[in-house]
Number of protein chains: 4
Amino acid sequence: MTTRRRTPDATRRSQATRRAILTAALELAGEVGYERLTIEGIAARAGAGKQTIYRWWPSKGAVLFDALLMLSEGQGDESAELPDTGDLEADLKTVLRATVDELNDPRRSEPMRALAVETLLDPALAADFAERLDEPVRQIKLRRLRRAQQAGQLAPDADLDVAVDMIWGPLERRWLHRRGPLTAGFADAVVETALDGLRPR
Amino acid sequence: MTTRRRTPDATRRSQATRRAILTAALELAGEVGYERLTIEGIAARAGAGKQTIYRWWPSKGAVLFDALLMLSEGQGDESAELPDTGDLEADLKTVLRATVDELNDPRRSEPMRALAVETLLDPALAADFAERLDEPVRQIKLRRLRRAQQAGQLAPDADLDVAVDMIWGPLERRWLHRRGPLTAGFADAVVETALDGLRPR
Amino acid sequence: MTTRRRTPDATRRSQATRRAILTAALELAGEVGYERLTIEGIAARAGAGKQTIYRWWPSKGAVLFDALLMLSEGQGDESAELPDTGDLEADLKTVLRATVDELNDPRRSEPMRALAVETLLDPALAADFAERLDEPVRQIKLRRLRRAQQAGQLAPDADLDVAVDMIWGPLERRWLHRRGPLTAGFADAVVETALDGLRPR
Amino acid sequence: MTTRRRTPDATRRSQATRRAILTAALELAGEVGYERLTIEGIAARAGAGKQTIYRWWPSKGAVLFDALLMLSEGQGDESAELPDTGDLEADLKTVLRATVDELNDPRRSEPMRALAVETLLDPALAADFAERLDEPVRQIKLRRLRRAQQAGQLAPDADLDVAVDMIWGPLERRWLHRRGPLTAGFADAVVETALDGLRPR
DNA sequence: ATGTAACCGAGACGGTACGTCCTGTCTTTTA
DNA sequence: TAAAAGACAGGACGTACCGTCTCGGTTACAT
């Protein structure tokens, strides 16, 4: 007696309820942390039925994902670009400092950490996350570096995939593992070291 | 009637039971993943009472932590050093290739991933982990880099803390987030890029 | 954050589950005895979740109480009366012999003993039991005695509350404390002694 | 590999510890009630090891039994007799009024209730209790009635076993089931009714 | 005096059951 | 007919005690 999972009719979806659920998820993630965030808690806070959540999202991670997407609605365009003043080092410092500021704001940072952790545990969510958030952003970074490479500011044989990891990796690592403070100085040091290398010149 | 948490008497501890629990934890973490690893399951597999686990460990993450420590028993000395043939680049490649091999072995890798994720969720466990595993290893890395710096193989003003992140960070990131394959080639590229920098020379 | 005990909605209650739980409770009480009757066992036998039991009953005694009420459903009317042929002594012997038979049937007797013991330990249950079972039955007994008193078959100044205790007490005592066999002869002796008194005439 | 249950050597028994355990059992039975009285609790309060209790007593009921025996030490002689002034009715009233007073003193009454309940659940304890407390007392009662019967104050064919139940049963029932108040008046009424019977004379 | 055998306090251990919490499904009621 | 409300089976949580066991420390008797 297989009760086939019916696909809900998205056109009839209540937008007010959707927003209430996403808002409740964000608030609770910030208040109690991801571990103690529960579907029941979200439903109760949102004044929604549990079934409504199960109808539209496969996991609490997916709810949080949509909640974060809602937050960054509008500014997260596909066609966005990193600043390009011609000075790669200055541009990268500008971008990384902005990231530092964002990660230091707990209101946005806590739900993001929660989601990041969830992607480590849930491969399906990780794939969704990679496709809809991580990869587009990575392409933006790669485009900026490629332009710099064409302008002769980066070594012609530099592996840009490695370069992205090297520039943005340390920051993400410190943030995710709460290892050491996130400061503008750290951002600058990373950019300088990545560009100049560790060997004496 | 406050029933003060009594400190258990470690001298009476059953080593056989301890080993059974740690072994069961490793096996189960490998079999069902960290999310579905339960204290009840560990106790059942180990033939131990739940209370015995609760008596000695504060969380399932702590059990897994001890289990991994047991695995690396003996070789995890404080006085260990990275190889130093005088050729920093070659030495780093050797070390990172070894790490790649280790991380590609699911028997060790899966419980480690599980533990790494848990440190993201449990600050107390994270502190324990940092103190007993991460920081000692980081010091070993720093010592090797410092010797290279003194030998003139690294820039005298290079920030070695940033350097460590830059060399080992990308590997860890790929592993933890399952982003891209872990290969010897990737390890080599990271070492080369970190040492030479991205700018043309 | 006080999580107020929500009152369950009785109209939504599953009658099938309720019956399964009460049946399982009766069976288990008969099989393993009251002491080793557990909520977990009842839930398992009934194929119910533990929470379903905790939602509707405050204690295992209360479950058993309802189970016994279910058993005697229909015949336990408020308006029921003891037989009245005009011969008090014969009627009382009839009633007590029937009680003897009932108490000698372990299928009904064991759960009843279990419940009786539980009322000794749980005042709330005792009150419920007294109100819904014991007192109605006592009123039936009192009505029969009162009619006999009006008919001149009992002394006009006899304390009927004491009389009830004197007629039914010894039987209950032997049963509850397993002191001596329950026989028709014992029932007869009690009735005769209670009516005639101990003094020579 | 049967580890034969060794018989403890009673001559070496620590009397101080025994008293501490019995005292703790009485106190705790009064404080938290029988249900929540635990061997662990008794051991902790007495400053004794759990094994010391298990060595000497088979159940918590047995501990409480010995504790009550300790309380009534000295006055519980085998050769004791009920008062015999020649007036049976007056003597019985005296005895039952004394019992009423005893049962109204919670310090003695509560542990006794606890023990009484336990005998309902534990047949081994019930047998011990019957042999060492109940039966001797019953014999004393029977001896008094027998003397009265020989003196012509009771019907020659009266069943004295039934008589004992009839005289002492109602009091015990009210006490054990907390049904109605225990008063001297009730004691008197029971004695009068039992002696005179319910029929008009 | 010195084994040596027992009791004793202490408490770790494998277990059972507790009562709570949450999951994901299902059903009923509301709008 | 979507959504709220919430009952349900299931199962993990962390706690409390159970009764058994082993460990040293301390009597007390027998060499």
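Letters A, B, ... mirror the listed sequences (proteins, then strands); counts begin at 1. When reading the values below, keep in mind they use all heavy atoms of this one structure, side chains included, and skip hydrogens, waters and symmetry mates.
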message: With a 4.0 Å limit, can you tell me whether B/Thr17 has a side-chain N or O closer than that to the phosphate oxygens OP1/OP2 of E/dA12?
response: no

Residue set satisfying side-chain contact (heavy atoms from CB on, under 4.5 Å) with D/Gln15, at least two apart, ordered chain then number -> D/Arg13, D/Arg18, D/Arg19

Sequence neighbours excluded, the answer for side chain to side chain donor-acceptor pair (under 3.5 Å) partners of B/Glu35 is none

Is A/Arg55 close enough to F/dA2 that one of its side-chain N or O atoms is under 4.0 Å from OP1 or OP2 there?
no

From CD of C/Gln15 across to P of E/dT28 the rounded distance in Å is 13 Å

Sorted by position of nearest nucleotide on DNA chain F, 5' first, the leading residue of D/Lys60 and A/Ile21 is A/Ile21

Across all chains, not counting sequence neighbours, the side chain to side chain donor-acceptor pair (under 3.5 Å) partners of C/Ser109 are C/Trp175

Exercise. Reckon B/Thr52 has a side-chain N or O less than 4.0 Å from the OP1 or OP2 of E/dG14?
Worked result: yes

Contacts satisfying salt bridge (Lys or Arg N to Asp or Glu O under 4.0 Å) that involve residues 116-129 of chain B (not counting sequence neighbours) are B/Asp128-B/Arg132

Interatomic distance, CZ@D/Arg55 vs OG1@D/Thr17, rounded to 0.5 Å, equals 10.0 Å

Rounded to whole Å, the CG-C1' distance (C/Asp9 to E/dC26) equals 15 Å

| task | Tell me whether the OP1 or OP2 atom of E/dA12 has a side-chain N or O from B/Trp56 closer than 4.0 Å. | result | no

Whole-Å distance, A/Tyr54 OH to E/dT27 P, equals 17 Å

Rounded to whole Å, the CD1-C1' distance (D/Ile53 to F/dC18) equals 13 Å

- [ ] Please examine the side chains of D/Trp57 and D/Leu22, heavy atoms only from C-beta on, and report whether any two atoms are closer than 4.5 Å.
- [x] yes

Contacts of D/Phe129 meeting ring-ring contact (aromatic ring centres under 6.0 Å, His included) (sequence neighbours excluded), chain-then-number -> D/Phe65

Sugar-phosphate only, base, or nothing, as touched by B/Thr11 at under 4.0 Å among non-hydrogen atoms = nothing

Ranking D/Lys50 and D/Arg12 by the position along DNA chain E of their nearest nucleotide, the one closer to 5' is D/Arg12

**Prompt:** Below 3.5 Å, does any donor atom in the side chain of D/Gln51 face an acceptor in the base of E/dC7, or the other way round?
**Reply:** no

What residues 31-49 of chain C contributes to the DNA chain E interface at heavy-atom separation below 4.0 Å is C/Thr38, C/Ile39, C/Glu40

